Amino acid sequence: MTWMEKVSWRLAERIKMDETPYSIGQLAHGIEIVLLNIINAVALLLVSSFLQITGEVLLVSALFFFHRLFSGGVHLKNPWSCMTATLILMNAGGYLVKELSVTVPPYAPFLVGFGIGLAFLINYRYAPAEHTYVSADPNMQQRNRVIILNCLIIGCLLSLFLVEYAYHLAIAYTVAVLTQSVLLLPVSFQIVNRLEKNI
């Protein structure tokens, strides 16, 4: 049992009441997820501030995780591997946004439109991906699918409008949705499965 599991278990034992419908194990698991998310957020802020891309990373992360709520995607089983992957992906995304936002290229609307269009096609084909935090209920999956596709259509139109006025926002949205979309592809699941078996 890891130190985080021990802490989560002790906290669950303290807050468990007789009328609580959840077991100590369920409460401990929920507490562990909250603690991991806090650690991830702190690590993300520390690394991005060291790299001087905090604003970009926060923007990409917020957009990425909003879409991930509805679309799901590949997920690493080990929490520390997940944190490492999150740090790499979000900081790389933030760096990309910072670099691409320096000057607005003449082909910017095409770049944004193509990126979000590709994300739409991937989501149309693969979203929502099966995962523990994405409901397996067909009605909920259809609802999530409609939400994510509508978000991408609205996001694309808004991003194309923002190219002239706030290019960094349009690029941040494009980077975030493309990153999330790549994590829906079957090849992403295969790569993660192989990595987890070999490491």
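Keep in mind that this is a model prediction, so the values were computed, not measured. Along the sequence shown, residues carry numbers from 1.
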note = All heavy atoms of Val175 vs all of Leu96, minimum pair found to be CG2-CD2, 3.9 Å
request  = Flag the pair Ser48 / Leu58 as yes when at least one side-chain heavy-atom distance between them is below 4.5 Å, and no otherwise.
outcome  = no
ask   = Do Val177 and Leu63 come close enough that some side-chain heavy atom pair is under 4.5 Å?
value = no
ask   = How long is the span from the CG atom in Leu27 to the CE atom in Met17, to the nearest 0.5 Å?
value = 10.5 Å
inquiry  = Do Thr86 and Asn40 pair up side chain to side chain, a donor and an acceptor below 3.5 Å, judged on atom types alone?
reply    = no
inquiry  = Let me confirm one number: the CG-OG1 distance from Asn91 to Thr54, rounded to the nearest 0.5 Å.
reply    = 8.5 Å
query = Which pair of non-hydrogen atoms, one from Pro106 and one from Pro109, has the smallest distance, and what is that distance?
reply = O-CD, 3.9 Å
query = Roughly how far, to the nearest 0.5 Å, is OG of Ser188 from CG of Leu185?
reply = 5.0 Å
inquiry  = Is there a continuous path of hydrophobic side-chain contacts, each under 4.5 Å between heavy atoms, that joins Leu178 to Ile154?
reply    = no
query = For the side chain of Ser101 and the backbone of Lys98, is there at least one donor-acceptor N/O pair under 3.5 Å apart?
reply = no
Backbone N/O of Lys77 and side chain of Glu196: donor-acceptor pair under 3.5 Å = yes
key: No-hydrogen, no-angle side-chain donor-acceptor test under 3.5 Å, Tyr173 and His168   = no
key: Whether Ser8 side chain and His29 backbone form a donor-acceptor pair below 3.5 Å   = no
remark   = When rounded to the nearest 0.5 Å, the distance separating CD1 of Ile147 from CG of Leu152 is 12.0 Å
inquiry  = Tell me the closest heavy-atom pair linking Ser71 and Ala127, and the distance in Å.
reply    = CB-CB, 4.1 Å
inquiry  = Looking at Gln52, I want to see if its CD is surrounded by more than 12 non-hydrogen atoms of other residues, nucleotides or ligands under 6.0 Å.
reply    = no
ILVMFWY network linking Ile88 to Val57, side-chain heavy atoms under 4.5 angstrom = no
ask   = Between Ser159 and Ile116, does a side chain to side chain contact (heavy atoms under 4.5 Å, CB included) hold up when you go through it step by step?
value = CA-CA 9 Å; Ser159 293; Ile116 299 173; 3.8 Å; yes
request  = Supply the atom-to-atom distance His75 NE2 to Cys82 SG, rounded to the nearest 0.5 angstrom.
outcome  = 5.0 Å
message = Hydrophobic clusters here meaning ILVMFWY residues chained together by side-chain heavy-atom distances under 4.5 Å, can you tell me if Leu87 and Ile33 are in one?
response = no
query = Is the Phe70 ring parallel, tilted or perpendicular to the Phe66 ring (thresholds 30°, 60°)?
reply = perpendicular
task = Check step by step if side chain to side chain contact (heavy atoms under 4.5 Å, CB included) holds for Leu100 and Thr174.
result = CA-CA 11 Å; Leu100 290 175; Thr174 306; over 6 Å; no
key: Connected via hydrophobic side-chain network under 4.5 Å: Val34 and Trp9   = no
query = Are Ser81 and Thr84 close enough that some pair of their side-chain heavy atoms sits under 4.5 Å apart?
reply = no
query = Got a donor-acceptor contact below 3.5 angstrom from the Arg145 side chain to the Tyr124 backbone?
reply = yes
CD (Glu164) with more than 12 external heavy atoms under 6.0 Å = no
query = So, for Gly94 and Ile53, which heavy atoms are closest and what is the spacing to 0.1 Å?
reply = C-CD1, 4.1 Å
Any Ser181 side-chain heavy atom under 4.5 Å of Leu118 side chain = no
query = Just wondering, do Arg143 and Asn139 contact through their side chains at under 4.5 Å, heavy atoms?
reply = no
query = What closest approach, in Å, do Ala172 and Leu59 show between heavy atoms, and which atom pair accounts for it?
reply = CB-CD2, 3.4 Å
task = Would you kindly check if the NZ (Lys) or CZ (Arg) of Arg125 is within the cone defined by 45 degrees around the ring axis of Phe120 and under 6.0 Å from the six-membered ring centre?
result = no
ask   = Do Tyr167 and Leu162 have side-chain heavy atoms sitting under 4.5 Å apart?
value = no
Note, Ile31 side chain near Ile15 side chain (heavy atom, < 4.5 Å) = yes
message = For Ala129 versus Leu184, what's the shortest heavy-atom pair and its separation?
response = CB-CD2, 3.7 Å
query = Roughly how far, to the nearest 0.5 Å, is the CD atom of Glu32 from the CG atom of Leu11?
reply = 11.5 Å
key: Side-chain heavy atoms of Leu44 within contact of Met83, under 4.5 Å   = no
ask   = Are Leu51 and Met90 in one and the same hydrophobic cluster, where Ile, Leu, Val, Met, Phe, Trp and Tyr link if side-chain heavy atoms are under 4.5 Å apart?
value = yes
